[in-house]
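Only one structure is covered here, and it is reproduced in the block below.
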Amino acid sequence: MTAGVSIEVQDARCRFRHVSGNTIDALAGVDVTVQPGEFVCLVGRSGHGKSTLLRAIAGLTPLSSGIVQVGGTTVDGPSVDRGMVFQEDTVFPWMRVIDNVAFGLKNKGLSAQQATDIAKDWLQRVDLADFAASWPRELSGGMRKRVAIATVFATEAPLLLMDEPFGALDYVTRLSLYGLLTELWSRTGRTIVFVTHDIEEALILADRILVIKDGGVADDLRVSLPRPRDEERRASPEAVAITKTITRHLGLAELLDRHAGEAQK
Amino acid sequence: MRLRKFFRIGLDAPLGIFLLSVIGLALTLALWQVASELVGRYMPPPLAVLNNMIANFSASRALQGLGLPPGGYLPHLMYTVWNVTLGVSIGVAIGITTGLASWRWRMVDEVTDPIVTIFGTLPILVAAPFFLIWFGLVAFAQVSLVAFYAAVILHLYSLRASRNVDPRYRDYALTLGANDSALFRRIMVPAALPELVGGIRIAFAAAWGLAAIAELLGAQFGVGRVIVSLTAVYDVESIVSIVLLLSAFAVLLDVLVLAGRAWATRWMPREARRP
């Protein structure tokens, strides 16, 4: 079992130049601390900096200033120790399923046989053992996500970063993947940072929800609901209170009032 | 099951496509026959060309009479085919390497871009004499010429193909610990391969003309050299014969390249695999 790692983000700023010539602060001085083994969801509206923060932790997007440390080491580029599952379908279509799962392991220096053995084991855990020799095109979208999850877990990365990985999937497939992900997380103790704009998804998965707004952390909410978090638990007073807090931050109430006012006119 | 698929009715069925190809070939031969009736001596009919091919394929008195080595068309065809295959192979290796390196390192791109722009636009009739002067009337000159142009074509194709590879695959590979070598071998090359094969086919198509021109300008051997000798005696029938035989080899090589592409892109959906 691989233990998770801590994350320390200090005054992280990320400035982009827009095509119009204006500059945009995707991250405007973010300070975040994540404890080892925590499951943290970053929730917020599109364009407010969730994915930029995640990519900065992954080392894929360099910061304009500030610092990101993972397990006490400063992040200065991507690493196999920070596995990432993307929103888009990133499973390599030219590799068979087993080779996809073994890819990160081979990069870590394992022999082909060792990598294949571990990959087979992980395919078993995500219930895809029968599809080891298949091409990704032969799998459904949900199955390909399971391949991506198996791939990042197989590398034993202590930190897993997930950028709206289930956004394009149907509701039932998403529910089954939530179950798989929380099971693997509780068994392996990895630290997971999961980006979503879906409050229900965050309530099902997270120990902690960080509300990201205007490039900063607007709120830091603890979720102490027992797992598994079925419909009943998601309708509990604690869950409703969290939902209300998040929707207030997201400006949903004002948005609804405005639409209602426009409709009355 | 396969047979039923083959004999399915419709112009898009395998049998339909095959029949259309046969009709196209028959039409070409018919037009050729009519043209030969109208033009006369300088447009030999298909059957005469076929007889010429068979008669002179492995031994030809006519060629011997023109001072060419014995052995008919075959050794000349093999000489040209070998030069083209070798030249394109070298050019493909160089072009893909420099193209991918230009994608990876901006400095390489800055250095190679003006070279490719200047030399890539150089007409063959201008470049060929230089190669023949520098390297002499030997196979090396013809191979170098073919390799040079193939490298230019593949450089441009691989640079464009690598730029077209979705950056998400690169990001994903990097988060899985891929180093430069793994990124090239296991991500960029297979992802860019379908487009690269297009470049290889174009390089081959251009190479036949390049090799023939190089041989026409000065060579001891090869299809171009034979054509020069035959032109001097107005032997149109033999010229058409050897040119068609060379075309057959070109088609055969194209089929081999396409077979290689089909194998290398078997991961793609069937409809995307069409060349």
Side-chain angles (χ1 to χ4, degrees), chain A residues 51 54-55 57-61 70 75 77-97 99-110 112 115 119 133-139 144 147-148 150-157 159-163 165, chain B residues 92 96 99-100 103-106 157-158 160-200 257-275:
Chain A
S51 293
L54 199 78
R55 288 178 65 86
I57 297 170
L60 289 169
T61 299
V70 172
V75 170
S79 158
V80 72
D81 291 332
R82 279 168 267 125
M84 189 150 170
V85 180
F86 294 78
Q87 181 181 17
E88 305 92 353
D89 197 358
T90 50
V91 170
F92 304 123
W94 52 86
M95 288 184 203
R96 291 185 190 273
V97 167
D99 296 323
N100 260 285
V101 182
F103 181 73
L105 296 164
K106 286 178 185 166
N107 292 333
K108 284 182 80 178
L110 270 70
S134 302
W135 295 110
R137 68 175 156 83
E138 294 164 333
L139 308 184
R144 284 200 292 272
V147 173
T151 306
V152 290
F153 269 96
T155 60
E156 299 206 329
L159 171 61
L160 303 179
L161 305 164
M162 303 197 163
D163 191 1
Chain B
V92 164
I96 290 179
L100 288 178
W103 166 80
R104 178 65 182 83
W105 296 289
R106 198 176 165 170
Y157 259 85
S158 52
R160 194 185 67 179
S162 51
R163 282 178 180 158
N164 284 346
V165 173
D166 200 318
R168 66 192 162 148
Y169 293 125
R170 184 178 154 270
D171 286 350
Y172 184 49
L174 289 173
T175 60
L176 289 170
N179 57 17
D180 274 342
S181 165
L183 208 57
F184 273 94
R185 285 182 300 108
R186 306 203 55 205
I187 308 301
M188 296 311 295
V189 171
L193 195 68
E195 218 171 320
L196 288 180
V197 176
I200 294 170
V257 171
L258 285 179
R261 181 190 193 273
W263 181 83
T265 59
R266 63 201 187 285
W267 51 272
M268 294 172 86
R270 187 176 292 273
E271 56 276 14
R273 267 184 274 164
R274 283 189 188 154

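Proteins come first, then strands; the chains are lettered A, B, ... in the order of their sequence lines, and each starts at number 1.
Shortest non-hydrogen contact noted between A:Leu105 and A:Ala115 is CD1-O, 3.5 Å. Minimum heavy-atom separation, B:Gly99 to B:Ser158: CA-OG, 3.2 Å. Closest approach of A:Pro93 and A:Pro136 over heavy atoms only: O-CD, 3.7 Å.
Under the ring-ring contact (aromatic ring centres under 6.0 Å, His included) criterion, A:Phe153 pairs with A:Trp122, sequence neighbours left out.
With rounding to the nearest 0.5 angstrom, the CG atom of B:Leu193 is 12.0 Å from the CE atom of B:Met188.
Contact annotation for B:Ala264: neither backbone nor side-chain heavy atoms come within less than 4.5 Å of a heavy atom of chain A. Residue contact with chain A, scored on non-hydrogen atoms closer than 4.5 Å, involves the backbone and the side chain of B:Ile187 alike.
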Which donor-acceptor pairs sit under 3.5 Å apart between chain B and chain A?
| unit_1 | atom_1 | unit_2 | atom_2 | d |
| --- | --- | --- | --- | --- |
| B:Arg168 | NH1 | A:Asp89 | O | 2.7 |
| B:Asp171 | OD2 | A:Arg55 | NH1 | 3.3 |
| B:Asp171 | OD2 | A:Arg55 | NH2 | 3.0 |
| B:Leu176 | O | A:Asn107 | ND2 | 2.9 |
| B:Arg186 | O | A:Trp94 | NE1 | 2.7 |
| B:Arg266 | O | A:Arg137 | NH2 | 2.7 |
| B:Trp267 | O | A:Arg137 | NE | 2.9 |
| B:Met268 | O | A:Arg137 | NE | 3.2 |

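Looking at heavy atoms from C-beta onward, A:Ile57 lies in side-chain contact with A:Leu159 at the 4.5 angstrom threshold.
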